[in-house]
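Have a look at the structure below, then the notes.
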Amino acid sequence: FSHQSPPQMLGVPSEVLASVVLHYLPRLGLSIDDTIAQARHANAIVGLEPMVKRAIEGGLQRGILTRESLSSVSQHVSSLDRSWRRIDMTRRLERNAAVSQKTVLVIQLHLAQFQWFHDDFLTANNLSRQVGVCSPARNVVLGGLRKGCTTLQQYESTVNAQIEKLKGAELTIVQRLRWAAGSNPQLKEAIEEIGIVESI
């Protein structure tokens, strides 16, 4: 490590945390420069954790830290670690649950396709109960489609009848306008403005 630069650790949060730790270690009486010099003299690698342990031991010896405060800090760190692990586990479980739900939906679709394709065979051999009936069943959907087609056919005849009525009314209106325009030139100009002169 270098006292001026952050340690080589992966991730920006880790670098920031290490920089904060290195900033507060001298307050516990640890000389970072001396520690690094000793490690270089011995061709050793300076680790952050050994430096923290040495600083804590020195702080306890100098009376800067007490056993009670150190125990309290350890409890808080342990509590934070447990909470973080629970949150991480919850997130993992939520992701796994979402993946499982999608898998179940895909399986249900495959099962429905199989049952719809082989519905006649399954029904004839009383195998539907063993496989399990998908929802909605094919006969229910087909029955609804037939009912809908019948209703549309009824609507079609009604709509066609209304169209014929509208055509008849249109012819009657055009005929009356033709008669009125023959005796009233001003009415013919008004008819031309509204764009139905082609019908007259």
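Between the side chain of T172 and the backbone N or O of G168 there is at least one donor-acceptor pair closer than 3.5 Å. Between the side chain of T151 and the backbone N or O of K147 there is at least one donor-acceptor pair closer than 3.5 Å.
Using a 4.0 Å cut-off between a side-chain N of Lys or Arg and a carboxylate O of Asp or Glu, K53 and E57 do not qualify as a salt bridge.
Residue E156 holds its CD atom at 11.0 Å from SG of C149, rounded to the nearest 0.5 Å. To the nearest 0.5 Å, atom OG of residue S100 and atom CZ of residue R95 are 12.5 Å apart. Residue W84 holds its CH2 atom at 7.5 Å from CG of D81, rounded to the nearest 0.5 Å. Interatomic distance, L152 CG to S157 OG, rounded to the nearest 0.5 Å: 11.0 Å. From R85, atom CZ reaches atom CG of L80 across 11.0 Å, with rounding to the nearest 0.5 Å. Here I107 contributes atom CD1 and L111 contributes atom CG; the two are 9.5 Å apart, rounded to the nearest 0.5 Å.
Looking at V106 and K102, their side chains never come closer than 4.5 Å, going by heavy atoms from C-beta outward. You'll find the side chain of M89 reaches within 4.5 Å of the side chain of L93, heavy atoms only.
Closest of all the heavy-atom pairs between D88 and R92 is OD2-NE, 2.8 Å.
When only modelled atom types and interatomic distance are considered, S72 and S69 share no side-chain donor-acceptor pair under 3.5 Å.
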* To do: List the steps, then state whether side-chain contact (heavy atoms from CB on, under 4.5 Å) holds for R91 with I87.
  => CA-CA 6 Å; R91 292 176 179 174; I87 293 174; 3.7 Å; yes
